[in-house]
Amino acid sequence: MPFDPYRLARPLLFKLQPETAHALAFTAGKLIQPLPGMTPLISAICGKPSPSLARTVCGLTFTSPIGLAAGLDKGAELLDMWKALGLGFVEIGTVTPKPQPGNPRPRLFRLPEECLILNRMGFNSEGARIVAKRLRNRPRGLMVGGNIGKNKATPEEMALDDYREAYRIIAPWVDFTILNISSPNTPGLRRLQAPEMLRPLLDGMLSTRREMSLERQPLFVKLAPDIPFEELDAIVDVVVSCGISGIVATNTTLDRGIVSEVNRAKVETWGEGGLSGRGLKLKAREIQRRILKRLPRTVAFMACGGIGSAEDARIALDDGAALVQIYSALIFEGPLLIGRMNRGLAAEKGTR
Ligand SMILES: Cc1cc2nc3c(=O)[nH]c(=O)nc-3n(C[C@H](O)[C@H](O)[C@H](O)COP(=O)(O)O)c2cc1C
């Protein structure tokens, strides 16, 4: 097992405000990434994903089923680094059509003893044009998904216009696109999940995809974990009947019940926001299983929410997910987690 510098850095990073720690880690990544020979060195230390992990989903070839969930690399700034660390794909974004600052700080909190994060970032985004420009230099061999959303100032009834605008700018530079209609931090966004709102949104996006001759590019929709089962079934039916390529589930939860009782009062003092991390795992898994039961195998599924080990990933894949995504676990375990998950999955595969 390689020496893990994150073990040394973590106590220091966790003394800082979460957003400051994030900015520091990102700055370090951006400084290291372009140094000659650095990404090959990182790749050699972390190990490339075993060829046995490669898979084709929606016609795209992924070197590993493990990918980065949206929100960590919103602006597609560290793609070479993610590839070197062994990820099969990265979901960039959420990218909004126009730049916007997001919610006021503090807007990011962590509970290390439960590997839990609360965020109300509110789609801080440089805007689609800047991100698309950066994507022109993206590395080969790493699948990139563009997660898009609407600007805060755009009224719900105009949401389709925003998704279209962001799509037109981002889609030509990515391998697949994800419509984020499940962030709890943009007022009204989750209402777009209601079947009567969802159908026109998806139909509209599919027609934009056709207009751009991008029919072969997969289009996903990302759902929340806080949807009652009956409504979830109706949403899945809309997704299937519209002809969308797949579903990503789940986003963060508003359910404070996933926090242990001893820490719940503390989390309440942090205020509004979505929770992610270890405590989300079982809740997300229930939603994922409900979706997968209803989803025809022709529609792809990406599992997200509390996944933090090869075993978690294996369970999701065995349940029928084509790919899995991680976010919070990376904050608590550090980037070498990716290699450990790849090796763990490959080893299990070998013994099957
Ligand atoms: C700080 C933070 C920012 C996030 N930003 C986004 C975002 O912009 N778009 C999105 O679709 N999901 C976003 N997410 C949700 C993650 O993509 C993921 O769905 C969620 O965290 C559950 O996965 P996890 O338990 O592995 O973290 C964010 C999560 C965190 C912790």
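Counting starts at 1 for both ligands and their atoms, following the listed order.
- Residue-to-ligand polar distances keep E91 apart from ligand 1: every N/O pair is separated by 3.5 Å or more.
- For ligand 1, the polar-atom distance check against G277 finds a nitrogen or oxygen pair separated by under 3.5 Å.
- Remark: D162 CG to K152 NZ distance equals 14.0 Å, nearest 0.5 Å.
- Remark: ligand 1 and T94 share an N or O pair separated by less than 3.5 Å (distance only, no angle test).
- Interface of A69 with ligand 1, defined as ligand atoms under 4.0 Å from a residue heavy atom, comprises 17 (O).
- What sits closest to atom 26 (O) of ligand 1 on the protein, heavy atoms only, is Y327 N, 3.2 Å.
- Interface atoms of ligand 1 facing I117, defined by a heavy-atom separation under 4.0 Å, are 31 (C).
- Remark: the T177 side chain and the Q217 side chain contain an N/O donor-acceptor pair separated by less than 3.5 Å.
- Of all atoms in ligand 1, numbered sequentially from 1 with element shown, those under 4.0 Å from a heavy atom of K74 are 5 (N), 7 (C), 8 (O).
- Checking S328 against S276 by side-chain atom types alone, a donor-acceptor pair falls below 3.5 Å.
- The heavy atom nearest to atom 28 (C) of ligand 1, considering only G149, A70, A284, is found in A70.
- Applying the 4.0 Å criterion to heavy atoms of N180 picks out, from ligand 1, the atoms 9 (N), 10 (C), 11 (O).
- Nearest to atom 5 (N) of ligand 1 among the protein's heavy atoms is G71 CA, 3.2 Å.
- Ligand 1 is approached by G305 to a heavy-atom distance shorter than 4.0 Å.
- For R190 (side chain) and I181 (main-chain N/O), no donor-acceptor pair under 3.5 Å exists by modelled atom type.
- Between the CG atom in L223 and the CG atom in N251 there is a gap of 9.0 Å [rounded to 0.5 Å].
- In terms of N/O distances under 3.5 Å, ligand 1 is not approached by M121.
- At distances below 3.5 Å, at least one donor-acceptor pair connects side-chain atoms of Y163 with backbone N or O atoms of N180.
- Looking at ligand 1, you'll find an N or O of G306 within less than 3.5 Å of one of its N or O atoms.
- Taking distance alone, with nitrogen or oxygen atoms compared against 3.5 Å, Q325 stays at or beyond that limit from ligand 1.
- Atom CD1 of I291 is separated from atom CG of D319 by 11.5 Å, given to the nearest 0.5 angstrom.
- Contacts with ligand 1 closer than 4.0 Å are made by heavy atoms of both the backbone and the side chain of N251.
- For atom 18 (C) of ligand 1, the nearest protein heavy atom (residue, atom name, distance) is C304 SG, 3.5 Å.
- Counting heavy atoms from C-beta on, the side chains of T94 and S183 never come closer than 4.5 Å.
- Closest protein heavy atom to atom 12 (N) of ligand 1: K222 NZ, 3.0 Å.
- Two residues are said to be in side-chain contact when any heavy atoms from C-beta on lie closer than 4.5 Å; M205 and Y167 meet this criterion.
- Contact annotation for I178 and ligand 1: no heavy atom of the residue comes within less than 4.0 Å of the ligand.
- Remark: ligand 1 atoms within the under-4.0 Å shell around heavy atoms of L108 are 1 (C).
- Side-chain N/O atoms of K150 and T186 include no donor and acceptor closer than 3.5 Å.
- In this structure, the protein non-hydrogen atom closest to atom 27 (O) of ligand 1 is S328 OG, 2.6 Å.
- For the residue pair R164 / T208, a side-chain donor-acceptor distance below 3.5 Å is found, with atom types taken as modelled.
- For atom 31 (C) of ligand 1, the nearest protein heavy atom (residue, atom name, distance) is S276 OG, 3.4 Å.
- At least one N or O atom of T250, backbone or side chain, sits closer than 3.5 Å to an N or O atom of ligand 1.
- A donor-acceptor contact under 3.5 angstrom links the side chains of S260 and E114, judged on distance only.
- N147 has its side chain out of reach of V95: every pair of non-hydrogen atoms, C-beta onward, lies at least 4.5 Å apart.
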